[in-house]
Structures are given as C-alpha cells and as structure tokens.
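For the single chain, residues carry numbers from 1 onward in sequence order.
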Amino acid sequence: MHYKRYYQAPIGRVAITSDGEHITGLWLPNQTDFELKYDHKLVETEQPIFDKVERWLDTYFSGNIPEIDFPLKASGTEFREQVWAALLEIPYGETATYGEIAQIIGEKRGKAQMSSQAVGGAVGSNPISIIIPCHRVVGKDGSLTGYGGGIDTKIELLKLEKMDMDAFYRPKHSTKP
C-alpha cells in the first residue's frame, strides 16, 4: 500500500508519498498526475515518516540546511538510481552540470563517456524532488533548464539556497507563433 500527504510549501502545495517505511515521492505543485506513477490507489493518511519529512521541509524552506534522517526509495533503472544518488552528493547552495554528472556516472560504470542527455532524462524523472536535489543541475553554459517543477520553481529553490542568480544564464523563450 502507498500513502500520501500534502504539505503547503512557499512554492505551493507539494505531495509526499510513502510506502509506510520510505519516502517514495515528493511531487511539486505542477506535477498533478503523480498518482498515475503508482500501481495502487494512494491513501491520504498519517504516517510517522511524513512528520519527519515535514520537519525537513520546514527546515529547508526556512533557509537552513536539513539533514535527511529518513529513508528514501526512489525506484527506477540502475542507471537512474545511480544518477539520483549522484544528485544527493551536490551540496546545498551549489550546482553541477549534466556533463559533470555524466562523467561521474561514466566512471562508476567503467565507460569513457556517458551521454549528458541520458543523465538529463534520469534527472527529469526524479520522483523525490527537492530532497533529491535535481533543481541544482544546470546546463553546461550555466543555463537554468530542464526542471520538471518549472523554471520559476527552480529559481525560487536556488534563491532559497542563497545562490547568486546573476551567475545563471536564462534562455529566452521564443515568442514566434
């Protein structure tokens, strides 16, 4: 059985999911179809692990560095799980590029080269946003791209972590029809 709870964050209402022992998802406000990712109906209920995650989120959104003191279970392919583990190594207030992560994963897999695009796909499928900090991944030119929660949310999270937003390149969206 899987459970869910909602948390009102400064960026909007996020959904937290759990199997009762592990956190299996943290879904951002625009990720409203998250329940389709589960084989069973999610039950909204109290679980002790949700209290721990809410304390973590309270600490994070107050501008402090929280420690993860609850188990995570982000399920995916071996490659995706390796990428998500690498994301956990990106320090609070810092960023890494898709290419840097590809290099780390390539070394772990014994490959001379790894695709940044494949890493991007894995980053984009991260089921435990914020806690597994996919918002800290940027393009090779420092561009703020590729965030499932939306670029505005990514910017808010990086600002919260006291990042110098002038250091990032923000691509302009085309206004052509």
Which atom pair, heavy atoms only, marks the closest approach of [X] to [Y]?
X: Glu21; Y: Pro71; result: O-CG, 3.0 Å
X: Gly99; Y: Ser116; result: CA-OG, 3.4 Å
X: Ile101; Y: Ala86; result: CG2-CB, 4.2 Å
X: Ser18; Y: Ile23; result: CB-CD1, 4.3 Å
X: Ser129; Y: Gln31; result: OG-OE1, 4.0 Å
X: Thr97; Y: Gly139; result: CG2-O, 3.6 Å

Please determine which of Thr45, Thr17, Asp51 meets the side chain to side chain donor-acceptor pair (under 3.5 Å) test together with Arg5.
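For Arg5, the side chain to side chain donor-acceptor pair (under 3.5 Å) test succeeds with only one of Thr45, Thr17, Asp51, which is Asp51.
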Close side-chain approach of [X] to [Y], heavy-atom, < 4.5 Å:
X: Ile49; Y: Ile16; value: no
X: Glu78; Y: Glu81; value: no
X: Arg80; Y: Ser125; value: yes
X: Ser143; Y: Val138; value: no
X: Tyr92; Y: Pro133; value: no

For the salt bridge (charged side-chain N to carboxylate O under 4.0 Å, His left out) test, which of Glu100, Glu94, Glu161 pairs with Arg136?
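So the option named by the test is Glu161.
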Name all residues meeting the ring pair (Phe, Tyr, Trp, His ring centres under 6.0 Å) criterion together with Phe79; count only those two or more places apart in sequence or in a different chain, and write none if there are none.
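Ring pair (Phe, Tyr, Trp, His ring centres under 6.0 Å) check on Phe79 returns nothing, list empty.
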Same apolar cluster: [X] and [Y], side chain cutoff 4.5 Å:
X: Phe34; Y: Ile132; result: no
X: Val53; Y: Ile65; result: yes
X: Trp27; Y: Leu57; result: no
X: Tyr6; Y: Ile131; result: no
X: Leu42; Y: Leu72; result: no

Of the options Asn30, Ile11, Leu158, which is the one that meets Thr153 in a side chain to side chain contact (heavy atoms under 4.5 Å, CB included)?
Ile11
Counting heavy atoms not belonging to Glu67, are there more than 12 under 6.0 Å from its CD?
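No, because the 6.0 Å sphere around CD of Glu67 holds 12 heavy atoms or fewer from other groups.
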When you look at CD of Gln8, are more than 12 heavy atoms from neighbouring residues, nucleotides or ligands closer to it than 6.0 Å?
yes
Working to the nearest 0.5 angstrom, can you tell me the gap between [X] [atom1] and [Y] [atom2]?
X: Asp19; Y: Lys73; atom1: CG; atom2: NZ; answer: 5.0 Å
X: Glu89; Y: Ile104; atom1: CD; atom2: CD1; answer: 8.5 Å
X: Ser115; Y: Ile105; atom1: OG; atom2: CD1; answer: 12.0 Å
X: Ser75; Y: Ile128; atom1: OG; atom2: CD1; answer: 8.0 Å

Contacts of type salt bridge (Lys or Arg N to Asp or Glu O under 4.0 Å), residue Glu35, not counting sequence neighbours
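For Glu35, the residues satisfying salt bridge (Lys or Arg N to Asp or Glu O under 4.0 Å) (neighbours in sequence not counted) are Lys4.
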Under 3.5 Å donor-acceptor, Asn126 side chain and Trp84 backbone
no
So, the side chain of Lys154 versus the backbone of Val137: is there a donor-acceptor pair under 3.5 Å, distance only?
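Looks like yes, one N/O pair under 3.5 Å.
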Would you mind listing every ring-ring contact (aromatic ring centres under 6.0 Å, His included) that reaches into residues 94-152, with sequence neighbours excluded?
none
Taking the six-membered ring for Trp, are Phe61 and Tyr7 parallel (under 30°), tilted (30 to 60°) or perpendicular (over 60°)?
parallel
